[in-house]
Protein chains: 2
Amino acid sequence: MTEPPGRRERKKAATRQKIADTALQLFLERGYDAVGIRDVAAAADVAVTTLFAHFPSKEALVFDLDADFERQLTHAVTDRPPHEPLVPALRGAIGAMVRHCTAESAAPLWRMIDDSPALRDFEVSMRMRHAESLATAIAADLALPHVTTACRTIARFVVEAFSLARESPDPENALDEIFRMIEAAWEACPTEPRARVSPGAPRGRDASG
Amino acid sequence: MTEPPGRRERKKAATRQKIADTALQLFLERGYDAVGIRDVAAAADVAVTTLFAHFPSKEALVFDLDADFERQLTHAVTDRPPHEPLVPALRGAIGAMVRHCTAESAAPLWRMIDDSPALRDFEVSMRMRHAESLATAIAADLALPHVTTACRTIARFVVEAFSLARESPDPENALDEIFRMIEAAWEACPTEPRARVSPGAPRGRDASG
DNA sequence: TACGAAACGCTAACCGTTAGTGTTACTCTC
DNA sequence: GAGAGTAACACTAACGGTTAGCGTTTCGTA
């Protein structure tokens with residue numbers, strides 16, 4: 001994955017990276033709303049259409065972590081040790097993401113995001129997408145025939161945990177609070193019985209604490 | 001509020017209503033994306049700038065219930081009987097809203113919303129706004145000195161309940177499931193002890209079931 | 001009646017985004 | 001290595017939501 005498989009793809013990746021870097025620099029320098037797409041394209045020395053060939057929207061220039069976050073969430077479910085219960089695994093993933101986003105170096109970026117309604121809205125709708133992916137992963141993990149309301153509910157709660165903890169003045173503590181609540185919600189979840197009797201290798205939730 | 005306090009305000013309200021009605025009719029007839037702002041303004045016989053003087057965005061033309069929903073949520077907290085516990089009161093409000101939105105007559109509208117990414121995104125970010133209002137109301141109800149993470153968390157869970165139940169094939173049943181989970185989360189919430197010993201008339205949660 | 005303000009209109013533009021249409025540069029195949 | 005196919009990129013022009021600037025009407029009120 002670190003090997004360059006061909007000149008074409010390398011050039012493409014370079015162009016994409018240059019656009020992303022240029023955009024972020026301009027945004028942080030002058031403010032997100034004060035920088036237009038045409039500015040970014042000019043500074044990155046590409047055409048506007050090229051920019052949109054690499055990024056689906058202006059907001060996507062900022063949220064390049066989008067796909068990463070989604071992967072981290074679903075992988076927390078699918079790639080966890082065989083007998084690790086679900087919620088703590090998710091807590092770990094969310095915790096890592098929160099720590100990553102509340103680090104000193106990330107502060108200016110998130111300050112910019114919090115200051116721009118457009119970016120805030122984008123982040124919210126991104127969370128909903130991630131929640132849906134997570135719900136699918138959870139349903140698969142429980143060997144359910146389809147994604148249930150309970151799966152979707154837990155998934156939403158988990159992605160909201162990220163948002164709430166990140167915005168809190170004490171993220172680590174907030175994470176504790178919220179996941180205590182999520183854990184409780186999970187135990188009150190009616191999905192479990194079905195999971196325990198379903199065929200295949202359904203990893204229901206084990207004793208956890 | 002039903003009394004006309006002046007000709008000016010009546011005319012303004014009439015203009016606003018005419019715009020909203022015209023917009024909704026056009027949207028349902030031809031589809032949200034197929035109708036432009038200029039079309040709506042022309043059909044309502046007003047200038048585009050007038051339209052935007054009454055509604056902050058195209059999406060707001062569809063979500064005229066916005067303020068109503070927000071009021072219903074906060075009122076469910078502030079106007080409930082003296083000893084009614086918090087979560088069931090919120091369940092009642094959400095239930096009413098869900099029933100209202102899943103009624104036969106509302107079906108085409110919500111079908112349109114679900115079909116348009118722009119409207120979906122708007123609804124999501126609307127929910128976040130409502131959640132913040134609700135969190136403030138909850139904090140006030142618990143006589144907390146400021147809005148805590150726990151308040152925000154419960155508020156988010158509650159507004160997500162609306163979304164999840166509305167999208168479910170069996171909303172009534174989904175509501176049961178989700179609020180069982182929310183109730184459990186609420187009981188695991190660390191805010192309560194502070195509420196019980198705080199001064200004034202803090203209505204902590206009572207025995208409920 | 002005269003004045004201030006609110007509601008409304010018109011024009012012209014800005015900005016994000018896309019369709020249409022080439023042109024260049026790489027990869028693959030013979 | 002020549003040629004074909006294709007992916008990346010550029011350019012133009014436009015579309016649709018939104019806003020600023022500025023003038024006009026209409027209402028409430030002193």
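Heavy atoms only: backbone and side chains are in, while hydrogens, waters and symmetry mates are out. In what follows, chains carry the letters A, B, and so on, assigned in the order in which the sequence lines appear, proteins first and then strands, with residues in each chain numbered from 1. Please read all numbers here as calculations on a predicted model, not as lab measurements.
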Discussion item. Rounded to whole Å, please give me the gap between CZ in A/Phe52 and P in D/dA14.
Written reply: 19 Å

Worksheet item: Side chain of B/Arg7: nearest nucleotide among C/dT17, D/dG28, D/dG17?
Response: D/dG28

Worksheet item: Quick one: does B/Arg156's side chain get under 4.5 Å of B/Thr153's, heavy atoms only?
Response: no

Check nucleotides 4-6 of chain D for protein N or O atoms closer than 3.5 Å to its own N or O atoms and list the pairs.
{"residue": "D/dT6", "atom": "O2", "partner": "A/Arg8", "partner atom": "NH2", "Å": "2.9"}

Discussion item. Can you confirm whether the side chains of B/Ser168 and A/Arg152 place a donor and an acceptor under 3.5 Å from each other?
Written reply: no

Item to complete: Scan for salt bridge (charged side-chain N to carboxylate O under 4.0 Å, His left out) pairs involving residues 36-51 of chain A, sequence neighbours excluded, and state none if there are none.
Response: none

Response to the item:
What residues 19-37 of chain A contributes to the DNA chain D interface at heavy-atom separation below 4.0 Å is none

Item to complete: Calculate the interatomic distance between B/Glu59 atom CD and D/dG17 atom C1'; express it in whole Å.
Response: 9 Å

Worksheet item: Does A/Ile154 reach the side chain of A/Leu134, with side-chain heavy atoms less than 4.5 Å apart?
Response: no

Item to complete: Can you sort out which residues in residues 62-70 of chain A have a heavy atom within less than 4.0 Å of DNA chain D? Ascending by number, please.
Response: none

Discussion item. According to side-chain contact (heavy atoms from CB on, under 4.5 Å), who are the partners of B/Asp33, at least two apart in sequence or on a separate chain?
Written reply: B/Ser116

Discussion item. Applying salt bridge (charged side-chain N to carboxylate O under 4.0 Å, His left out) as the test, list every pair that has at least one member in residues 112-127 of chain A; sequence neighbours left out.
Written reply: A/Asp114-A/Arg120, A/Asp114-A/Arg166, A/Glu123-A/Arg127, A/Arg127-A/Glu160

Fill in: Separation of A/Leu51 CG from A/Thr22 OG1 (nearest 0.5 Å)
9.5 Å

Item to complete: Side-chain contact test, heavy atoms from C-beta onward, threshold under 4.5 Å: evaluate it for A/His130 versus A/Asp66 and give yes or no.
Response: yes

Discussion item. If you count heavy atoms of other groups shown closer than 6.0 angstrom to NE2 of A/His54, is the number above 12?
Written reply: yes

Item to complete: Indicate whether any N or O donor in one side chain lies under 3.5 Å from an N or O acceptor in the other, for B/Thr149 and A/Glu177.
Response: no

Discussion item. Could you check whether A/Gln17 and A/Asp21, counting side-chain N and O atoms only, form a donor-acceptor pair closer than 3.5 Å?
Written reply: yes

Practice prompt. Sequence neighbours left out, what passes ring pair (Phe, Tyr, Trp, His ring centres under 6.0 Å) with B/Phe157? Give chain and number order.
Written response: A/Phe157

Item to complete: Mark yes when over 12 heavy atoms from residues, nucleotides or ligands other than B/Arg7 sit less than 6.0 Å from its CZ; otherwise mark no.
Response: no

Discussion item. For DNA chain C, which residues of residues 111-118 of chain A approach it to below 4.0 angstrom with any heavy atom?
Written reply: none

Worksheet item: When the distance from NZ of A/Lys18 to C1' of D/dA8 is rounded to whole Å, what number comes out?
Response: 15 Å

Practice prompt. Mind checking ring pair (Phe, Tyr, Trp, His ring centres under 6.0 Å) for A/Phe63 and listing every partner two or more places apart, or none if nothing turns up?
Written response: A/Phe122

Worksheet entry | Counterpart residues, side-chain hydrogen bond (donor to acceptor under 3.5 Å, both in side chains), relative to B/Ser57 (two or more places apart) | B/Glu59

Worksheet item: For A/Phe69, which residues count as a ring pair (Phe, Tyr, Trp, His ring centres under 6.0 Å) partner, sequence neighbours excluded?
Response: A/Phe162

Worksheet item: Taking atom P of D/dT18 as reference, at what distance in whole Å does atom NZ of B/Lys58 sit?
Response: 8 Å

Expected rows: protein N/O vs nucleotides 8-12 of chain C N/O, under 3.5 Å:
{"residue": "C/dC8", "atom": "OP1", "partner": "B/Thr15", "partner atom": "OG1", "Å": "2.6"}
{"residue": "C/dC8", "atom": "OP2", "partner": "B/His54", "partner atom": "NE2", "Å": "2.6"}
{"residue": "C/dG9", "atom": "OP2", "partner": "B/Ala47", "partner atom": "N", "Å": "2.8"}
{"residue": "C/dG9", "atom": "OP2", "partner": "B/Thr50", "partner atom": "OG1", "Å": "2.4"}
{"residue": "C/dC10", "atom": "N4", "partner": "B/Thr49", "partner atom": "OG1", "Å": "2.9"}

Worksheet item: Rounding to a whole Å, what distance do you find between A/Arg10:CZ and C/dA25:P?
Response: 16 Å

